[in-house]
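Predicted model, so just to flag it, every value in this text is computed and none were measured. Order of the sequence lines sets the chain letters (A, B, ...), proteins ahead of strands, with each chain counted from 1.
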Amino acid sequence: MTVALSDYLVVSALLFGIGAAGVLMRRNALVMFMCIELMLNAANLALVTFARVLHDVGGQATVFFVLVVAAAEVTVGLGIVVAIFRKRNSAVVDDLHELQG
Amino acid sequence: MVDATDAAFVALAIVSVGGAIAALEAKEIIYGAVGLAASFFGVASLFFLLDSPFVAVFQITVYVGAVAVLVLFTVMLVREGRWFGDSVGPTASVAGLITVAALVISLVSSFFAAGLSNASEQASAPSFVDIGKLLTGQFAPVLEILALVLAASVLGALTLAKVDPGAKAQAANERERS
């Protein structure tokens, strides 16, 4: 049995599924954050695999854009988590309902 | 017959998926953060197997070097608080699992429907020169906008980190009163 390129896509789909499960089923802001990173990572893996299959450098270039967006998101997001935590000593997203109509 | 690349793929796939599951399920959140770093590292190593060493190195620098370390720092800053009420209820859990299963099945089936498994192997990997040309040529506007996004995110993080002295004094007053 040899590993085909589609097996990389299966790993990517699994990682994305795990990330989606975390966002849907956990209520801790930090864990949800980590799971969003997992999903971005899975998308990167799919991009690189498609770039390899289709002989196109564009997929690899797009990975850099995803990296930049992930870095920006982490900077602001973790800052928000720490700020919220300093204020109310909790990082459970269900407690944050001030903006609810 | 299992050759070295296949064995490496299986091992790295186990590391990535296992690390991701650890990040999701770990009771102590700091082990989850370490599992997340392991998962990032596994995916970066998969990039090496896909003949994309340049992207792989950047993945390690940004994800393992910056994102995972930032997450670890935040876990250490935030760990003391209460974590109960963390999971959703059983009904929502089952609904979430069904949604995720449907998502993974549809992703995998569409990947296989694309017929990529028969795609020809590539002779030479694209070099970082090609990536650089693309980034500074066709994708140059995107690159500039992303630079602005990064600058804005740094400003946002600085604003969030700024401690308002008035708010601090008020918090101290409230703590004394209670």
Side-chain angles (χ1 to χ4, degrees), chain A residues 1-11 13-22 24-28 30-31 33-35 37-38 41 44-45 48-49 51-53 55 57-58 60-61 63-65 67-72 74-76 78-83 85 89-92 94, chain B residues 6 9 13 16-17 20-21 23-24 29 32-33 36 39-40 43 46-47 50-52 55 58 62-63 66-67 70-71 74-75 77-78 81-83 85-88 93 96 99-100 103-104 107-108 111-112 116-117 119 122 126 130-131 134-135 139 142 146 149-150 153-154 156-157 160-161:
Chain A
M1 187 205 107
T2 55
V3 173
L5 285 173
S6 56
D7 293 346
Y8 289 89
L9 294 175
V10 173
V11 173
L14 277 177
L15 283 176
F16 194 91
I18 294 168
L24 286 174
M25 287 154 60
R26 298 291 296 267
R27 283 281 145 289
N28 179 337
L30 255 178
V31 176
F33 226 93
M34 284 155 56
C35 288
E37 293 302 319
L38 274 180
N41 224 16
N44 275 351
L45 182 56
V48 171
T49 313
R52 173 82 168 73
V53 171
H55 302 190
V57 203
Q60 294 194 24
V63 170
F64 286 100
F65 303 148
L67 283 181
V68 173
V69 170
V74 158
T75 342
V76 177
L78 290 183
I80 291 175
V81 169
V82 172
F85 189 83
N89 207 32
S90 154
V92 178
D94 284 349
Chain B
D6 292 1
F9 169 78
S16 334
V17 176
I21 292 174
L24 176 59
I29 193 168
L36 185 77
S39 177
F40 288 161
V43 171
L46 283 176
F47 289 175
L50 285 168
D51 294 332
S52 316
V55 186
F58 265 88
V62 174
Y63 272 110
V67 172
L70 261 180
V71 170
T74 314
V75 168
L77 279 175
V78 167
R82 64 179 192 92
W83 292 121
D86 181 8
S87 288
V88 293
S93 288
T99 314
V100 168
L103 182 72
V104 172
L107 274 177
V108 170
F111 284 154
F112 275 105
L116 291 180
S117 41
Q122 187 183 4
D130 301 329
I131 302 175
L134 201 63
L135 281 179
F139 287 152
V142 188
L146 280 177
V149 167
L150 261 187
S153 81
V154 169
L160 280 169

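In this structure, CZ on B:F58 lies 13.0 Å from CG on A:N44, to the nearest 0.5 angstrom. Here A:L24 contributes atom CG and B:T99 contributes atom OG1; the two are 6.0 Å apart, rounded to the nearest 0.5 Å.
Interface remark: of the candidates A:T75, A:L14, A:V48, A:V48 forms the most heavy-atom pairs closer than 4.5 Å to chain B. Between chain A and the options B:L46, B:V154, B:V149, heavy-atom pairs under 4.5 Å are most frequent for B:L46. Between chain B and the residues A:G19, A:A71, A:A21, the most heavy-atom pairs under 4.5 angstrom are made by A:A21. When B:V62, B:L146, B:L150 are compared by the number of non-hydrogen pairs under 4.5 Å with chain A, B:L146 comes out ahead.
Contact annotation for B:F9: only side-chain heavy atoms (C-beta onward) come within less than 4.5 Å of a heavy atom of chain A. Interface residue B:L36: only side-chain heavy atoms are found under 4.5 Å from chain A. If you measure heavy-atom distances from A:V76 to chain B, the contacts under 4.5 Å come from both the backbone and the side chain. In this structure, chain B has no heavy atom under 4.5 Å from any part of A:F33. B:Y63 touches chain A through its side chain: at least one heavy atom from C-beta onward sits under 4.5 Å away, while N, CA, C and O do not. Both the backbone and the side chain of B:I21 come within less than 4.5 Å of a heavy atom in chain A.
Judged as a side-chain contact (heavy atoms from CB on, under 4.5 Å), and not counting sequence neighbours, the contacts of B:V108 are A:V10, A:A13, B:V104, B:F112. The side-chain contact (heavy atoms from CB on, under 4.5 Å) check on B:L70 picks up A:V74, A:L78, with sequence neighbours excluded.
Closest approach of B:L160 to A:G79, counting heavy atoms only: CD1-C, 3.8 Å. Of all the heavy atoms in A:A61 and B:L134, the pair that sits closest is CB-CD2, 3.9 Å. Across all non-hydrogen atoms, the minimal contact from B:A13 to A:V11 is CB-CG2, 3.7 Å. The two residues B:A20 and A:I18 have their closest heavy-atom pair at O-CG2, 3.7 Å. Of all non-hydrogen atoms in A:L15 and B:S16, the two that sit nearest each other are CD2-O, 3.6 Å. When all heavy atoms of B:L77 and A:F85 are compared, the pair lying nearest together is O-CE2, 4.1 Å.
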Is there a side chain to side chain contact (heavy atoms under 4.5 Å, CB included) between B:F40 and A:E37 once you walk through the steps? CA-CA 9 Å; B:F40 288 161; A:E37 293 302 319; 3.7 Å; yes
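For the side-chain contact (heavy atoms from CB on, under 4.5 Å) test with A:M34, the passing option among B:V71, B:T74, B:V67 is B:V71; the others fail.
The side-chain heavy atoms of B:I131 and A:F64, taken from C-beta on, include a pair separated by under 4.5 Å.
Aromatic pair B:F139/A:F65: centroids less than 6.0 angstrom apart.
Side chain of A:R26 to main chain of B:L24: a donor-acceptor pair is present (N/O by atom type, distance under 3.5 Å, no hydrogens or angles).
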